[in-house]
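Step one of this worksheet: look at the structure below.
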2 protein chains.
Amino acid sequence: MANPLDTVFAALADPTRRAILAMLLEDDMAVTDVAEPFEMSLAAISKHLTILTRAGLIAQEKRGRVKWCKLQPDAMKDASVWMQGFGQFEPVNLDAFERFLKSELGSEPHSPES
Amino acid sequence: MANPLDTVFAALADPTRRAILAMLLEDDMAVTDVAEPFEMSLAAISKHLTILTRAGLIAQEKRGRVKWCKLQPDAMKDASVWMQGFGQFEPVNLDAFERFLKSELGSEPHSPES
DNA sequence: AGCATATTCAACCAAATGGTTGACGATGCG
DNA sequence: CGCATCGTCAACCATTTGGTTGAATATGCT
């Protein structure tokens with residue numbers, strides 16, 4: 001999976017990881033805090049974060065004993081351009097996006113803010 | 001993997017499948033013709049097409065003994081909106097997209113037009 | 001020093017993925 | 001009818017994925 005599009009799309013294919021990205025849209029977070037809303041082990045979340053990091057979608061910076069996770073949305077750019085090439089999808093509709101996030105967060109198996 | 005975003009992103013995570021979609025951008029194609037440029041069995045391509053179909057990214061219609069594959073770009077819409085919510089990526093740049101397609105097609109392990 | 005907190009590592013497991021091959025059903029053609 | 005072509009199915013295989021648990025490392029606090 002050398003191709004960056006492979007890793008980005010694969011990273012986005014998991015609902016837990018998409019939920020994490022959505023959480024990071026609000027603010028940078030420590031690993032423990034990212035994990036808190038999910039019903040799975042910290043180790044599992046740590047693995048998800050590694051995948052997101054390798055895809056370039058987040059950056060992790062260790063300050064003291066806590067590792068901060070920061071969204072890196074530019075990593076989605078190429079993937080976004082790739083997809084847009086197929087459809088000329090209407091320009092970003094932020095309302096749609098927010099409804100989207102809400103519905104996704106609300107219905108995931110391991111969702112935060114249930 | 002009930003969530004449509006899961007299946008769409010997962011489908012797009014494979015370079016062979018992205019290459020197939022790019023080919024279908026040109027024109028509808030029969031399964032055998034889709035498979036021709038790839039260095040893998042017809043059965044393997046058939047599986048990829050099933051995955052693309054289940055993701056809604058293509059539709060397959062059987063006419064006579066040949067099954068035609070048709071791109072269904074609307075299936076990317078939600079995923080595209082989801083991603084755009086993160087970055088406000090610049091409006092579609094078709095030139096970028098074409099360069100992109102070319103470079104991807106040209107460097108894949110099992111690429112068409114080698 | 002000694003303990004608590006933050007995070008990862010290692011080993012393990014079940015299930016999914018991406019590929020193969022060979023047989024098979026369905027359709028078209030001479 | 002008999003044969004070739006189109007495409008899928010079934011069984012198999014190796015690898016990856018997403019999770020677990022328990023131990024280990026690193027930092028901070030008193």
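In what follows, chains carry the letters A, B, and so on, assigned in the order in which the sequence lines appear, proteins first and then strands, with residues in each chain numbered from 1.
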| note | Taken to the nearest whole Å, CD1/A/Ile51 to P/D/dT17 is 7 Å
| query | Is there a side-chain polar atom (N or O) of B/Lys67 under 4.0 Å from OP1 or OP2 of D/dT8? | reply | yes
| message | Are B/Leu52 and B/Val66 linked, directly or through intermediate hydrophobic residues, by side-chain heavy-atom contacts shorter than 4.5 Å (ILVMFWY only)? | response | no
| note | Checking C/dT5, C/dT20, D/dT20 against the side chain of B/Met40 (C-beta onward), the nearest is C/dT20
| With respect to the phosphate group of D/dT8, does any side-chain polar atom (N or O) of B/Ser46 fall under 4.0 Å of OP1 or OP2? | yes
| query | How close or far is atom C1' of D/dG7 from atom CD1 of B/Ile58, stated in whole angstroms? | reply | 13 Å
| remark: Nearest-nucleotide check on DNA chain D, B/Arg65 vs A/Gly64; residue mapping nearer the 5' end is B/Arg65
| message | Side-chain N or O of A/Ser41 versus OP1/OP2 of D/dT20: is the shortest distance under 4.0 Å? | response | yes
| query | Of the nucleotides C/dA26, D/dG18, C/dT7, which one has an atom closest to the side chain of B/Lys62? | reply | C/dA26
| query | Is B/Trp68 linked to B/Ile20 within one hydrophobic cluster, defined over Ile, Leu, Val, Met, Phe, Trp and Tyr using a side-chain heavy-atom separation of less than 4.5 Å? | reply | no
| message | Students often get this wrong, so: under 4.0 angstrom with heavy atoms, is B/Arg17 touching a base, only sugar-phosphate, or nothing? | response | sugar-phosphate
| field | Closest nucleotide among D/dG19, D/dC6, D/dC9 to the A/Ala44 side chain | value | D/dG19
| Of all the nucleotides listed (D/dA11, D/dA4, D/dG7), which has the minimum atom distance to the side chain of B/Lys47? | D/dA11
| task | Taking the side chain as every heavy atom from C-beta outward, state whether B/Met23 and B/Asp33 have any pair of such atoms under 4.5 Å apart. | result | no
| query | Are B/Thr16 and B/Ile45 close enough that some pair of their side-chain heavy atoms sits under 4.5 Å apart? | reply | yes
